Amino acid sequence: MKKQLPKTYNAQKYEDSIYKKWEDSGLFSPEMKKGKKPFVISMPPPNATGQLHLGHASMLALQDIMTRYHRMKGDPSLWLPGTDHAAIATQNKVEQLLAKKGVSRHDLGRTKFLQEVKDFVEDSRGTIRNQIRKMGSSCDWNRERYTLDPGLSKAVNTVFEMMYKDGLIYKGDRIVNWCPRCNSTLADDEVDYKDTKGKLYWIKYGPFVLATTRPETKLGDTAVAVHPKDKRYKDMIGKKYMIPGVLGDFEVTVVADREVDPEFGSGAVKVTPSHSFADFEIAQRNNIKGKKIINEEGRMMENCGKYAGLTTEECRKAIANDMDKMGLMEKIEDYDHKLSVCYRCGTTIEPLTSKQWFVDVNKKCKRLKGKSLKEKSLEVVKDGSIKIVPERFNKTYFHWMENLRDWCISRQIWWGHRIPVWYCKDCGEEHVGEEKPGKCNKCKHNEFKQDPDTLDTWFSSGLWTFSTLGWPDKTEDFKYFHPTSVMETGYDILFFWVARMILMTTYATDEVPFETVYLHGLIRDKNGEKMSKSKPETCIDPLDMIKKYGTDALRLSMIIGGTPGNDIRLYEEKIAGYRNFINKIWNSSRFAVMNLSEEDLAHKFDPKTDIKTTMDKWMIHRLNMLVKRTTENIEKYRFSDAGSDIYDVFWTHFCDWYLELSKGDFKNPVVLKYSLEIFLKLMHPFIPFVTEVIWKELGNKTMLLAETFPEYDEKLKYTKHERWMERVTMIISEIRKARAEVGVEPAKKIKAIIYSKEPSFILEQAEPISRMARLDELTVEKDGQKIKKAKHIILPGIEIYLPLEDMIDADKEKDRIKKEIDNLKTYTKGLKTKLSNKGFVNNAPPALIDQEKMKLEEAETKLTKLQKEVKDL
RNA sequence: GGGUGCUUAGCUCAGUUGGUUAGAGCGUCUGGUUUACACCCAGAAGGUCGGGGGUUCGACUCCCUCAGCACCCACCA
């Protein structure tokens, strides 16, 4: 009794159990083979509180393709999964939840609040873990990590201590981006810019008139800057002036600075060092002190007199008003500018000076052999130790790295790695280390207070590739699996994360974190816009799609049609299209299973004896070539090309031609099964579920997951047979086309007479040709008489007559042939000019010239035949 | 202001170092239950490859330029 499979593939029925089998098999955990280079990917850790979105889904698909491919190639392959505590993001989320109950984190206090966050994360971490599984990710769950694991925290503290001792981490009173809502500093790249309509206030400023967007900062001004070469102000440079203000006169120094643009405004800039990055730097260069007037809540400080306590915005209005009354306001213009806002919550950033911890990116350091962090990070990409795909992102990376300023790493939030610095309660001496020190180095006192701040979340994720492997302990894992092979992530976090990993890893381990960075594009909606839940019509939830179309279909829809670094559009019809492909695979397998006997299923394929017919050779040849291309495509990170190539060969060549052709005399179940299995292996990295299911249905006891990826075999080249079969398919297609043109009923069988110089191979394929072109009589001769009242098809070296008698409309035929003649005439004319062109003949490769000559010959033969025919009609 | 990418059939996109009468999927049209599949099969229509210039024997492909779209970076107050 032969087996029977259901008519449609139901992904939902199989996926979960297949995943469980894979996971239980232990094959996701690699075996360390000494001397064999492993393939390693560190999974970019999703936020522990996250829900799986398309960004995750596409990254998981890509990484799984690579991991499965390498595993099948026999490389010890490790894909290490994990989650990130996502400091600010998580804290915000929990704060929002608490706010609904009317509770703030301060009401709870640090300890209780952290417990709330921990509980919350514990729940949601499980969710994201299972969603990662849903995508079919073949990652090693035994090595799963979390950025707040003890081991990873140890790595964080160790690196902090190393950097502190090397003088790369310092505490400084510098200007930082401050989010008054999050109550924390932000790194430069955590600031977003929003186009805003604002005002430009022209104010009378002692001897100057100058323009500002923030009149309230006047209270913190300590200087006026002008361009050194600006004639208008030349004599004033270095002098001090008393400026009338809303709170009385104050003194400013006039300084010269090249950054001032003499063209803008009046060419003079008021300098507020404590609340503007540009001003802070001008002040530093010119040795000017700052005056802080805005506090961490975004409100005016005590030193602002009657304005104290106002928000900056309130103060701006009040001050503008007062200045106007005092006659200090010259004019107010509309002004569009970019407002800096917090990337997490959208609140306006207040730049302010604050005591914070910084990483010095410019300081030369012994551990880096006299280079700075910045120099080292640039070097490893420049010298090719790290390769970025696509290459153009090198430029972006260099530009960012070259302009990197000291990195502010302290955050005033509670959720995260606490800064491992301890202050002596007695003398205030700083001690750095994971553990609270026994007694103070300086005063021998034994009571300490830990720095209340936590570290930037990217400080810990910057260590991800090696902290997850057990560093700083000298573990086997670290020795064997680091540096990792590929970092696969979106280009949007090149700076946030990739650059920081390079910086931190080269410093801490003296190794690069990864050899290749593969940057994928972002998934956009049908209109090319960012997907967002606020646009439910176009926003796609991967989990819904998995339910509806299956994981395999979703994976393909995100892979095919995308090129590295370029965004890709996704919409439901596209996913449905790939679901159809999955079903096509299922059904061709269904067909195969129906045609395979127990014996066939058990048969071990031997190319020497099992490949018999021309058709077999043709199929095997095509497959062999596909194997070659697929391997190359995957190795070169051209996943879309690989996927669509397989799609095409499978559907068109295997299903539409080979399967159909071989339904008759040339049935060879063994080759059918073998071909199908090669396809399954090629497809498995892309669509692991359906291929695994079918693999089992074909009677295999092993798991496809653990099978060997096919290799190109020079011995399986059958170029001649391929050419023959190409003729066969062409004959069939042409007859079908002619039938449609003439309007022969689909079911009606007709006669055909074929003249060919090599009749034998056509004769050999007479049965499939007749069946597929619906012929009841096929004559094949070397040559013969022209047949009247027949549809005449002229192919290179082959002529086909379909004697359809009355069905043929002579006038219509004539028109059609005339049109074709015209086409051919322009075509041959083009070829002739080309071939008589000396430049072409002298410069073009000989093979191309021959090819063109052959084309011309074929076209001319056909042309004369058609011309003769049109006369006879 | 600097940089990057994109512009190819109605829609979404391929087109790898310059050499095919420019390809696919979806959609459209005409037909179709034949040893799996209507989530299917057979056939067809549809493009002067954004505009202009140049290099070359030859340009969708390389260079210049213009235009539109998108994104990234930047302290013009």
Side-chain angles (χ1 to χ4, degrees), chain A residues 5 7-9 189 193 200 210-214 217 225 259-261 263-266 268-272 276-282 337-338 351 390 392-393 395-396 399-400 403 491-492 494-495 521-522 524 526 528-529 549 553 560-563 565-571 573-574 576-595 632-633 636 638 640-641 644 647-648 652 655-656 659-660 663-664 667 733 736-737 739-741 743 745-747 771-772 774 823-824 826-827 830-831 834 837-845 848 851-852 855 859:
Chain A
L5 263 40
K7 267 192 169 190
T8 46
Y9 172 68
D189 45 302
Y193 296 91
L200 188 63
L210 43 78
T212 178
T213 50
R214 302 192 60 186
T217 59
E259 290 299 308
V260 177
D261 178 2
E263 304 290 319
F264 188 88
S266 63
V269 190
K270 65 186 208 57
V271 179
T272 322
S276 150
F277 276 85
D279 295 4
F280 183 83
E281 279 166 20
I282 292 177
H337 68 125
K338 291 206 195 282
R392 66 185 141 91
F393 282 99
K395 214 170 168 177
T396 321
H399 182 258
W400 186 82
N403 292 294
Y491 64 76
D492 54 330
L494 177 63
F495 304 142
L522 273 31
R524 300 185 166 271
K526 192 165 194 165
E529 284 163 29
Y549 301 107
I560 297 183
T563 41
N566 290 330
D567 295 350
I568 181 168
R569 297 183 193 204
L570 189 68
Y571 39 92
E573 299 91 299
K574 193 169 172 184
Y578 289 109
R579 183 271 320 266
N580 295 353
F581 176 59
I582 301 295
N583 197 236
K584 187 74 184 173
I585 302 170
W586 177 255
N587 264 293
S588 53
S589 308
R590 179 170 184 256
F591 173 78
V593 168
M594 284 164 76
N595 281 281
E632 280 169 11
N633 280 330
K636 289 182 179 159
R638 295 195 298 237
S640 173
D641 290 358
S644 56
Y647 179 104
D648 189 50
T652 311
C655 293
D656 292 348
L659 234 57
E660 292 301 331
K663 276 177 181 174
K667 195 181 276 185
S733 287
R736 282 171 170 172
K737 204 164 101 186
R739 290 176 61 118
E741 253 169 39
E745 280 166 54
R771 183 161 35 84
M772 291 184 65
R774 311 231 96 218
N823 274 344
L824 276 171
T826 40
Y827 180 51
L831 283 171
K834 199 177 201 179
N837 184 333
K838 269 187 199 157
F840 177 75
V841 181
N842 293 336
N843 295 311
L848 183 74
Q851 198 186 307
E852 300 293 299
K855 276 192 219 157

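Not measured: the values here are computed from a predicted model. Just so it is clear: chains get the letters A, B, ... in the order the sequence lines come, proteins before strands, and each one is counted from 1. Computation of the quantities below employed the complete heavy-atom set of this structure, encompassing side-chain atoms and omitting hydrogens, waters and symmetry-equivalent molecules.
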* So what does A:Leu659 touch, heavy atoms closer than 4.0 Å: a base, only the sugar-phosphate, or nothing? -> base
* Asked: Using a cut-off of 4.0 Å on non-hydrogen atoms, how would the nucleic acid contact of A:Asn837 be classed: base, sugar-phosphate, or nothing?
  -> sugar-phosphate
* Structure fact -> Of the listed B:U20, B:A36, B:C75, the closest approach to the A:Tyr193 side chain comes from B:C75
* **Interatomic distance, A:Glu741 CD vs B:G43 C1' [rounded to whole Å]** => 10 Å
* Answer with base, sugar-phosphate or nothing: what part of the nucleic acid does A:Lys526 contact at a heavy-atom distance below 4.0 Å? => nothing
* By nearest nucleotide on RNA chain B, pick out whichever of A:Gly577 and A:Asn403 is the more 5' one. => A:Gly577
* For A:Leu210 against A:Lys270, the heavy-atom pair lying closest together -> CD2-N, 3.8 Å
* Asked: If you check every side-chain atom of A:Arg392, which of B:G19, B:G43, B:G5 has the closest atom?
  -> B:G5
* To do: With P as the reference atom in both, quote the distance from B:G15 to B:C62 in angstrom, rounded to an integer.
  => 12 Å
* To do: Would you kindly check whether a donor in the side chain of A:Glu660 faces an acceptor in the base of B:A36, or vice versa, at under 3.5 angstrom?
  => yes
* Closest nucleotide among B:A42, B:U16, B:C37 to the A:Asn583 side chain -> B:C37
* To do: Report which part of the nucleic acid A:Ser588 touches: base, sugar-phosphate, or nothing (heavy-atom distance under 4.0 Å, all strands).
  => base
* A:Thr563 side-chain N/O to B:A14 phosphate OP1/OP2 under 4.0 Å -> yes
* What integer number of Å spans the P atoms of B:G50 and B:C13? -> 15 Å
* Inspect the surroundings of NZ in A:Lys855 and state if more than 12 heavy atoms from other residues, nucleotides or ligands are less than 6.0 Å away. => yes
* Asked: Which listed nucleotide (B:G43, B:C40, B:G19) is nearest to the side chain of A:Ala740?
  -> B:G43
* To do: Would you mind reading off the distance between A:Phe591 atom CZ and B:A36 atom P, rounded to a whole angstrom?
  => 7 Å
* When we call it a touch if two heavy atoms are under 4.0 Å apart, what does A:Lys338 touch: a base, just sugar-phosphate, or nothing? -> base
* Asked: What integer distance in Å separates A:Glu745:CD from B:U30:P?
  -> 18 Å
* To do: Please report the closest heavy-atom contact between A:Arg774 and A:Arg739, naming both atoms and the distance.
  => O-NH1, 2.9 Å
* **Atom pair distance, as rounded to whole Å: CG in A:Asn566 and C1' in B:C72** => 14 Å
* Asked: Is any N or O donor-acceptor pair between the side chain of A:Lys838 and the base of B:C57 shorter than 3.5 Å?
  -> no
* Between B:U61 and B:G18, how far apart are the C1' atoms? Round to whole Å, please. => 6 Å
* To do: For the pair A:Tyr578 and A:Tyr647, name the ring-plane relationship: parallel under 30°, tilted 30 to 60°, perpendicular over 60°.
  => perpendicular
* B:G25 and B:U21, which share atom name C1', separated by this distance in whole Å -> 23 Å
* To do: Indicate the atoms forming the closest heavy-atom contact of A:Leu659 with A:Ser588, along with that distance.
  => CD2-CB, 3.9 Å
* May I ask you to evaluate whether A:Arg569 reaches the phosphate of B:C13, defined as a side-chain N or O under 4.0 Å from OP1 or OP2? => yes
* **B:G43 phosphate, OP1 or OP2, under 4.0 Å from A:Ser733 side-chain N/O** => yes
* Phosphate OP1/OP2 of B:U4: any A:Lys395 side-chain N/O under 4.0 Å -> yes
* In terms of side-chain heavy atoms of A:Arg590, which of B:C57, B:A36, B:C75 is nearest? -> B:A36
* **Given B:C57, B:C40, B:U4, the nucleotide with the shortest approach to the side chain of A:Asn580** => B:C40
* Nearest-Å distance once atom P is located in both B:A77 and B:C69 -> 24 Å
* Expressed as a whole number of Å, how far does the C1' atom of B:G10 sit from that of B:G46? -> 9 Å
* Asked: Within the structure shown, what part of the strands sits under 4.0 Å from A:Pro351 by heavy-atom distance: base, sugar-phosphate, or nothing?
  -> nothing
* What's the verdict on side-chain contact (heavy atoms from CB on, under 4.5 Å) for A:Phe581 and A:Ile585, showing C-alpha distance, side-chain angles and the deciding distance? -> CA-CA 6 Å; A:Phe581 176 59; A:Ile585 302 170; 3.7 Å; yes
* Side chain of A:Lys584: nearest nucleotide among B:A77, B:C40, B:C73? -> B:C40
* Tell me what A:Arg638 touches on the nucleic acid: a base, only sugar-phosphate, or nothing, going by heavy atoms under 4.0 Å. => base
* Does a nitrogen or oxygen in the side chain of A:Lys7 sit under 4.0 Å from OP1 or OP2 of B:C37? -> yes
* Considering only B:C76, B:C39, B:A42, which nucleotide approaches the side chain of A:Thr8 most closely? -> B:C39
* Is a donor on one side and an acceptor on the other found under 3.5 Å between the side chain of A:Arg771 and the backbone of A:Glu660? -> yes
* Measure distances between side-chain N and O atoms of A:Arg771 and base N and O atoms of B:U34, and say whether any donor-acceptor pair falls under 3.5 Å. => no
* Asked: Which dot-bracket notation, 5' to 3', represents the base pairing of RNA chain B when pairs are defined as Watson-Crick or G-U with both distances under 3.5 Å, crossing pairs as [ ], and inter-strand pairs as |?
  -> (((((((..((((.....[...)))).(((((.......))))).....(((((..]....))))))))))))....
* B:C13 phosphate, OP1 or OP2, under 4.0 Å from A:Lys574 side-chain N/O -> no
* Asked: Taking all non-hydrogen atoms of both residues, which atom of A:Met772 and which atom of A:Asp656 are closest, and how far apart?
  -> CE-O, 4.1 Å
* **Protein-nucleotide distance (A:Phe495, atom CZ; B:C71, atom P), rounded to Å** => 16 Å
* Asked: Of all heavy-atom pairs between A:Val260 and A:Ala225, which one has the smallest distance, and what is that distance?
  -> CG2-CB, 3.8 Å
* How close do A:Gly562 and A:Ser640 get, heavy atom to heavy atom, and via which atoms? -> O-CB, 3.1 Å
* **Among A:Phe495, A:Trp400, A:Tyr491, ring-ring contact (aromatic ring centres under 6.0 Å, His included) partner for A:Phe393** => A:Tyr491
* To do: Rounded off to whole Å, could you give me the CZ-to-C1' distance for the A:Phe581 and B:G25 pair?
  => 12 Å
* Asked: Picking from B:C57, B:C76, B:A74, which would you name as closest to the side chain of A:Asn843?
  -> B:C57
* Please measure how far the P atom in B:U33 lies from the corresponding atom in B:A14, and state the result in whole Å. => 39 Å
* For atom C1', what is the distance between B:A9 and B:U17, given to the nearest Å? -> 28 Å
* For A:Asn583 and A:Tyr549, run side-chain hydrogen bond (donor to acceptor under 3.5 Å, both in side chains): C-alpha distance rounded to whole Å, both residues' side-chain angles, the deciding distance at 0.1 Å, then the answer. => CA-CA 10 Å; A:Asn583 197 236; A:Tyr549 301 107; over 6 Å; no
* Rounded distance (Å) that lies between atom C1' of B:C26 and atom OH of A:Tyr571 -> 7 Å
* To do: Using a heavy-atom cut-off of under 4.0 Å over every strand shown, decide if A:Asp656 touches base, sugar-phosphate, or nothing.
  => sugar-phosphate
* A:Arg579 has an atom CZ; how far is it from atom P of B:C39, in whole Å? -> 8 Å
* Structure fact -> Quick note, A:Phe264 side chain, CB onward, closest among B:C75, B:A77, B:C73 is B:A77
